[in-house]
Amino acid sequence: MAELEGLEFGKSDFVLLDEVTMEQFMENLKLRFEKGRIYTFIGEVVVSVNPYKHLDIYGKEVIENYRGRELYENPPHLFAVADAAYKAMKRRAKDTCIVISGESGAGKTEASKYIMQYIAAITNPSQRAEVESVKNVLLKSNCVLEAFGNAKTNRNDNSSRFGKYMDINFNFNGDPTGGHINNYLLEKSRVAQQQDGERNFHSFYQVLRGGSDELLKSLYLQRDPAEYAYTSQGAAVTLASNNDSLCHKAVMAALKVIGFTTEEINSIYKILSTILHLGNLQFTSDGEHVIIVGEDTVKHISELTSTEPENTRKALLYRTVATGGGEVIEKGHNEQEASYGRDAFAKALYERLFAWIVGRINSVIEVKDYNPVLHGKNTVIGVLDIYGFEIFDNNSFEQFCINYCNEKLQQLFIELILRQEQEEYQREGITWQHIEYFNNQIIVDLVEQPHKGIISVLDEACLTAGKVTDTVCLDSMNKKLGQHPHYTSRKLCPADKTMEFNRDFRIRHYAGDVTYSVEGFLDKNKDPLFQDFKRLMYNSSDHVLKEMWPDGKMSITEVTKRPLTAATLFKNSIIALVDKLACKEPYYVRCIKPNEIKSPLQFDDGRCKHQVAYLGLLENVRVRRAGFAYRQPYARFLQRYKMTCEYTWPNHLMSSDQEAVEAIVNQHGFEDDVAYGHTKLFVRTPRTLFTLEQERAALIPILVLFLQKVWRGALARMRCRKIKAIFTIMAYYKCYKVKAHFWEVERRFANVRNMADYGKSVEWPTPPAALVQFHRITQHLHRRWWARQLIKNIPPSDMGEVRAKAAALSALSGERVDWGYSRAWERDYLANAKDSPLTSSNFVRITKELKNKDQYGQVLFSCSVRMLNWFNNTKDRALLITDKHIYRMEPKKHFKVQKRIPLDSVVGVSVTSGSDQMVALHTASQDDFLVHLQRGQLNPNQDRVGELVGSLTDHFTRVKNTPLPVKVCSTAFQVHMSGKPKSITVETKPGQTAADFKKSRTGFTLLLPHQ
Ligand SMILES: Nc1ncnc2c1ncn2[C@@H]1O[C@H](COP(=O)(O)OP(=O)(O)O)[C@@H](O)[C@H]1O
Ligand SMILES: [Mg+2]
């Protein structure tokens, strides 16, 4: 069921009609035609209405839509049928055929071309060269066959004047490997004569209008169809779309592509021109003999046919007859006989040319070197494009044959459609009720029955010696067939004035009544051609031409069997064709011609109704519906409709698909409308399927949403799993990095205990980001451990000095030139006998008293200093710093304490970056100590500033737990004296013997001796 079409385009399958009546059928057909939907299904049959305009529905995209799809998945189309035939062939290795029928101009040939194009487009995906070349020849052969086999008729500008059945062979891959074309009953009478408004075969006009000057000259032709008797009548007829000149070039190119040799192509055109020249031959009489008018023409003909002019002339004027006694005599024609012989010769030439071309194409495309063992089963798709019913004003022998052929095909259609249907029911175990339909076997019998049928009457008349006329023949038919319900004539029905006495007979064909004029029947059936022409052609030195006339080989005296009549030959070929089709799985395209005027707009109700009636389309619908309109394998049905039932969606838990299908059917209450076959479900009324389709269509958007939801969820979960995995990997990797870092640290530091520098020189590995802090801590730890290793052997008595040095280092290192770290720090220099040998005992005694009095614990520092007094004079004094106080003492007066401030009041220390010994101790009361340390005997040239700073800061941080800011100034530094800010600078002064302070403009300058 086509999904892509809305109901506004009518029903895409006639089976869906509410009621099968002609009215409803026509209404739907018309609506679809008007909406540009030219194709409609009847089950698997496609009904096609000629649109008479270009439709954009055969492109690549459309082909892709149909490729490999089921019939009901897309709107009706030729491609759907072509694909079904191809699929059946490929999947089930079945030979299939596509039968295209309909009357002249209904679009059969176009349909066959689209089908061929479709098959070419979907095969050989791997583009194998040999397959491509087969496809190319198959497609190109159309162009050649149409040039030689088609003509403009009043019904169709490009009417096929022959029947064509083409087999395409496929290998097991489903790629075309070759083909074969059968042609049926070329309408050769057209060569000599055409009806008003019609033309001869296209090939004549094409060569005359499109051939090069050179070619025409070599053929003795003029570029004007009006010059030739056989083409002059059609010369003025114009074609809407046919450009003869362009077509000629296309045909030439196609001939080359197919593989015709230059010699062969030359011969083809020589034969065409021979025919044209023959048509211009006239006969007259000199009273005694018949003579030819235009000797030049005879010369040209003999040159073009590579024969002797004398022989040609003879063949045109005489007939050789063998007498009973084996004698041979020449009998001259009369004018009428000569003209008749000429036309018969021309027609035969063309007919044989056409047959030879078809044979030649076949020799190119025939499957070669095929070995079923090697190549697998060779399957076939046949495409039949054969003339449809023809009912003209004047119907002759050709129409009789054509209409008989259509009766046969209709017979096949009925038989196959019904047989197939019945076979399927049988296979599936379904009881089937017989359907009444009109069986046209009776008409077929009327024509072909031995001894009684029309053909047999005709043949009998032809066999009878003596003058048997068409009228005599008609009498004989009247006698033999008078009782037949489908045969009548004026004699049998004298009241019917639409028939002429002694001329007309009428057959009630399944497609309608056709009145035939018996005139010419006998002659056309006998189709005589004087032996002389055959011999003439056989003796031609043109090989190609000779090849076309093998029967000219026979000697005149040989007694030959009478050749079969045209009707019998045709009947045999059609019976063979039907046999060929009957063993294949058939697919049908039924073409309808919407009007007589090639209009894309007009839908001629009467005409269409007639065609629908005689094509038996209504019966087709009825047969299709009477049984079961639809059938589908269980799995497929389930797949399509499972969403309409809770037990089957999304998957069923039943033991078989059939049971699941039953669940769907029961849920919808369709039990009475279906039958269960072995593998398929059969649905009687289309409405059931329609309901299911509608329900499905309503559910699809919900399902789409559902699927989207599930799929999005699945995607998100997949993403989530991936991310989780990434994190796990990352975690393991980080862990590994951390461990690796540990291992590396461990490896590098394993031996530090035994190293001389305790691992100070070991380089730390770069830590991963997670271990940056850890790294800092371990580094710190290591440094502490390392420091510990360094100091653990230092005796406790030395620890004070070490601490003070460490404190001095952090306060001064890098800023002060020298801080005396390399010597031992004695601290209490004034009490040291080595440093102050003269005063130390005195100082020791005094400080003992002081210690008792001020209760201090230890001396942090003592030394002689030079410092400023109250009046800004510089004096030598003693500086004593204990853990409680800072003392200024007068060394000359038994170290009398001149000033004492609590150590707590010290808020900072300033020193210079130079090597001078100046120190400022800033106090909270802004009355700073500014001193220059004097060095004694112990280390007269070494620095004591570092020792003072170190001892103080160590004491402050370690004991008092408050930091003591130390300022290292490179130029001047600031102090306060009695609350007043003073700037202290340092200068060296030549001639200065000892360091001393001197008042400056902004404060004081420490003058240093020049060194
Ligand atoms: N599917 C189609 N699309 C467009 N034009 C078409 C189509 N089928 C037929 N025709 C037109 O109708 C004309 C007759 O078709 P054709 O196939 O030759 O008829 P038939 O073979 O049945 O006699 C074509 O030449 C073309 O102009
Ligand atoms: Mg055709």
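Given the structure is predicted, the values throughout are model-derived calculations rather than measurements. Ligands are counted one by one from 1 in listed order, and the atoms in each one are counted from 1 as well.
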Taking only Lys NZ, Arg NE, NH1 and NH2, and the carboxylate oxygens of Asp or Glu, determine whether Lys108 and Glu103 approach each other closer than 4.0 Å. no
Between ligand 1 and Ser104, can you find any atom pair, the residue atom being a heavy atom, that is separated by under 4.0 Å? yes
Which part of Lys598 is near ligand 1, with near meaning a heavy atom under 4.0 Å away: side chain, backbone, both or neither? neither
Should Tyr58 be counted as touching ligand 1, given the test is an N or O pair under 3.5 Å? yes
Location of contacts on Asn156 toward ligand 1, heavy atoms closer than 4.0 Å: side chain
Every N, O or S from the protein that is nearer than 2.8 Å to the Mg ion (ligand 2): Thr109 OG1, Ser160 OG
Contact check, Asp157 vs ligand 1, heavy-atom distance below 4.0 Å: no
Salt-bridge criterion met for Lys113 and Glu146 (N-O under 4.0 Å): yes
Any heavy atom of Gly102 sitting closer than 4.0 Å to ligand 1? no
Could you work out, for atom 24 (C) of ligand 1, the closest of His54, Lys108, Glu110 by heavy-atom distance? Glu110
Does an N or O from Ala106, backbone or side chain, lie closer than 3.5 Å to an N or O of ligand 1? yes
Could you tell me, atom by atom, which parts of ligand 1 come under 4.0 Å of a heavy atom of Glu103? 22 (O)
Looking only at heavy atoms of Leu55, does any of them come nearer than 4.0 Å to an atom of ligand 1? no
Test: Asp175 and Lys135 ion pair at under 4.0 Å: no
Does this structure show an ion pair linking Asp244 with Arg209, if we count only N-O contacts that are shorter than 4.0 Å? yes
Look at ligand 1 and say whether Cys591 reaches it with a heavy atom at a distance under 4.0 Å. no
Heavy atoms only, cut-off 4.0 Å: how does Lys53 contact ligand 1, side chain, backbone, both, or neither? backbone
Lys/Arg cation over aromatic Phe260: Arg360, 6.0 Å, 45° cone: yes
Here the atoms of ligand 1 under 4.0 Å from any heavy atom belonging to Tyr52 are 12 (O)
When you measure from the heavy atoms of Lys593 to every atom of ligand 1, does any distance fall below 4.0 Å? no
Would you mind telling me which of Phe41, Tyr39, Tyr114 makes a ring pair (Phe, Tyr, Trp, His ring centres under 6.0 Å) with His77? Tyr39
Check this for me: does any side-chain nitrogen of one of Asp527 and Lys188 sit under 4.0 Å from a carboxylate oxygen of the other? yes
Within 45 degrees of the axis of the six-membered ring of Phe413 and under 6.0 Å from its centre: does Arg590 put its NZ or CZ there? yes
I want to know if ligand 1 touches Asn50 in the polar sense, i.e. an N/O pair below 3.5 angstrom. yes
Assess whether a salt bridge exists between Arg508 and Asp513, defined as any Lys/Arg side-chain N lying under 4.0 Å from an Asp/Glu carboxylate O. yes
Leu384 vs Ile98, test: side chain to side chain contact (heavy atoms under 4.5 Å, CB included). Steps then yes/no. CA-CA 6 Å; Leu384 179 68; Ile98 302 172; over 6 Å; no
Answer yes or no for Arg199 and Tyr205: cation-pi contact, defined as NZ/CZ to six-membered ring centre under 6.0 Å and angle to ring axis within 45°. yes
With atoms numbered from 1 as shown, which atoms in ligand 1 lie under 4.0 angstrom from a non-hydrogen atom of Tyr114? 1 (N)
Please say which of Phe570, Tyr350, Phe354 ends up in a ring pair (Phe, Tyr, Trp, His ring centres under 6.0 Å) with Phe162. Phe354
Can you confirm whether or not the ring centre of Phe400 sits under 6.0 Å from the ring centre of Phe521? yes
Salt bridge Asp83-Lys87, side-chain N to carboxylate O under 4.0 Å: yes
When you check the gap from the basic side-chain N to the acidic O, do Asp157 and Lys152 get nearer than 4.0 Å? yes
Identify, by atom number and element, the atoms of ligand 1 in contact range of Asn158, meaning under 4.0 Å from any of its heavy atoms. 18 (O)
Is there a nitrogen or oxygen of Pro51 sitting under 3.5 Å from a nitrogen or oxygen of ligand 1? no
